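What follows is a set of notes on a single structure, which appears directly below.
These figures come from a predicted structure and were not determined experimentally.
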2 protein chains.
Amino acid sequence: MAGSMELRHLRYYVAVAEALNFTKAAARLRVAQPALSRQVRDLEEEIGVDLLRRSPRGVTLTAEGKLFLEEARDLLKRTVEAVEKTRALARGEYGELPVGYSPSPTVDILPPALGAFQKSVPRVTVRLHDLAGNELADGLRNGVLELAIMQRPTGSNGAGLTFEPLQAYPICVAVAPGHPLAKLKVVPLARLAGEKLVVFRRQEYTDYHALLERVLQEVHPRPVIAVECDGSSSLITEVATGRGVAILSAVFGKTIGPRLKLRPLTPAPEPQEVGIVRALSGDVTPAGEKFCEHLRAVAGALGERGC
Amino acid sequence: MAGSMELRHLRYYVAVAEALNFTKAAARLRVAQPALSRQVRDLEEEIGVDLLRRSPRGVTLTAEGKLFLEEARDLLKRTVEAVEKTRALARGEYGELPVGYSPSPTVDILPPALGAFQKSVPRVTVRLHDLAGNELADGLRNGVLELAIMQRPTGSNGAGLTFEPLQAYPICVAVAPGHPLAKLKVVPLARLAGEKLVVFRRQEYTDYHALLERVLQEVHPRPVIAVECDGSSSLITEVATGRGVAILSAVFGKTIGPRLKLRPLTPAPEPQEVGIVRALSGDVTPAGEKFCEHLRAVAGALGERGC
DNA sequence: GCGCAGCGATGCTTTTTGGGCATAATGGCC
DNA sequence: GGCCATTATGCCCAAAAAGCATCGCTGCGC
């Protein structure tokens, strides 16, 4: 029963095969030459193949020795790589990070944070999942997502989750430039009474409709929904065409450009909060923590400049 | 100063990570559980990362542990593969075999031998080099080729080489079916006197011209060269067209088909010998030796059936 | 042609360390 | 709270690696 092969045998063999001289290789390895001789002999016995031709003036490699030298070098390299990968994973510098997000509310924060993150830890692959609010919540709870960047979950959507706010956006009304409300700097909530509304589809944007409900609950007569849109670009078009007004958070300021006017409401409703959502039970990976730091940094810079 | 990582650590870790239980893994490895515990702990210390979460009901893998499990499995697999490759090389079942050959004289032997060889040792890659006689000799001497299948080298071409005959082919004259010599079963050498010859180009076929010289040295008046061809197909065409006769060894019997008649000469000149040529100084690899055995087997079978 | 220098192998001893055994500590579960 | 399975610890032994001294070989130079 031969003693099993160990990495030591490979390290020793590579040293000898590179120095082509036991004595010099032993010096380099800081072991005595006889110890080295024996280990290499053991290796050859274990493999059952002569790797070296010994002579009084050094050693030469057999064909098998040349092949095994390459293999051994490769194995040793892969070994340190395996360890390095594992350490990098522990440091949050390697691996995959499944991140959920809702696109519209996060346009301010997510893109710059993502860019900075990728630059600082390029070996972490961020897997972005653009999902609806309830799907994000489910993904977090069942572990498919490690964290999500989104508006504060409401009601049962928030069960088992934590929310860390990054940014709060005032609720505004978006109107076409020619609309009577566009002339006001601040729009009293009551002025929305009876207005026609352009909204996102209820099915895909339940969070949006919860917000709508919250903002308009005291407005009488209640504005009526004129159009349902399946995305922000069509919503903007509809409002610009004069089909109605839209209730949007100030984060849309950059998205809608000059085509619409965005006016804060008074009295100001609770702002829309955007932040980091995680599962209470989920494990926090170092990469995820690093990502959060970038998010906070971006949000902080955004807050300073005002929004 | 931590003791270096060894394959033992990987073997032990994989066993524990698969069993998710130190005690059972220790039983499977046939070591005591404390020894196993210590080795795995040493490994974690060496890497500096917790790979396992210990609990009184077994162990679970951390994210780092999962990654390292895959890496360790892969490393162990590659290790046995490296050893296996080396052993296979020593057995002649792996590697590359550079073989030179002259195509025409070896059509009987090389293709079937090559086929059988590839089938018996598919992991050996035969690199075939179709070269002229002197290039083959040079390739063998400088080690680019391990062996060559060709006619017996003549003169200085054979210096430093060994020749092992596999097959001997009688020298014949090839004529068009309508040629007067076609009526003879055996052609007396003297009947070639004054004939027009179709030959291969001297530059590319020095061996052929040496053979020609040897066969025709006693024929007077010497046949005159009518056409020089750069390959066997054009040579066959020229002879069939009646431009002259050709001196060829009987190995061409299968190549020329029914378009030409091949008649042995009398008195029979020294036959053309085809065989294995190797460098005297060259090392004989097991794969090369195996290849030679296949060549001998094919030549033997060929000889039994007559040629 | 002889000695010398350089190299690897061998024999023996020392040191390290992996492994075994007994046992303690842990923590969930009934 | 005691019990059970499980892992960790302490101690000792044995195996094996490393060190040391020396031998044997071979090629080179004087």
Would you tabulate the side-chain donor-acceptor contacts of residues 23-30 of chain B under 3.5 Å, counting partners in other chains and residues two or more places apart, or write 'none'?
none

Pair up each side-chain donor or acceptor in residues 122-135 of chain B with any protein partner under 3.5 Å, not counting sequence neighbours, and list the distances.
unit_1, atom_1, unit_2, atom_2, d
R127(B), NE, E96(B), OE1, 3.2
R127(B), NH2, E96(B), OE2, 2.9
E135(B), OE1, A132(B), N, 3.0

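Take E84(B) and apply the side chain to side chain donor-acceptor pair (under 3.5 Å) test, not counting sequence neighbours, and it matches R91(B). Partners of S37(A) by side chain to side chain donor-acceptor pair (under 3.5 Å), not counting sequence neighbours, listed by chain and number: Q33(A). Partners of F163(B) according to the ring-ring contact (aromatic ring centres under 6.0 Å, His included) rule, which considers only residues two or more places apart in sequence or in another chain, do not exist here. The side chain to side chain donor-acceptor pair (under 3.5 Å) search around T162(A) returns none, not counting sequence neighbours. For Y208(A), the ring-ring contact (aromatic ring centres under 6.0 Å, His included) criterion is met by F200(A), not counting sequence neighbours. Scored by the ring-ring contact (aromatic ring centres under 6.0 Å, His included) test, F117(A) finds F291(A), H294(A) as partners (sequence neighbours excluded). Every residue meeting the side chain to side chain donor-acceptor pair (under 3.5 Å) condition with E6(B), not counting sequence neighbours, appears here in chain and number order: R11(A).
Contacts between residues 32-40 of chain B and DNA chain D, counted as heavy-atom distances below 4.0 Å, involve Q33(B), P34(B), S37(B), R38(B). Using a 4.0 Å cut-off on heavy atoms, the residues of residues 17-27 of chain A that approach DNA chain C are N21(A), F22(A), T23(A), K24(A), listed by number.
With axes fitted over five pairs at each extremity, the angle between the ends of the helix from dG1(C)-dC30(D) to dC30(C)-dG1(D) is 10° (10° resolution).
Both R57(A) and R41(B) sit near DNA chain D, but only R41(B) has its closest nucleotide nearer the 5' end.
The distance between atom CZ of R8(B) and atom P of dA16(D), rounded to the nearest whole Å, is 12 Å.
Counting only N and O atoms by type, the side chains of E146(B) and T285(B) include a donor and acceptor under 3.5 Å apart.
R30(B) comes within contact range of the sugar-phosphate backbone alone, with a heavy-atom separation under 4.0 Å but no base atom that close.
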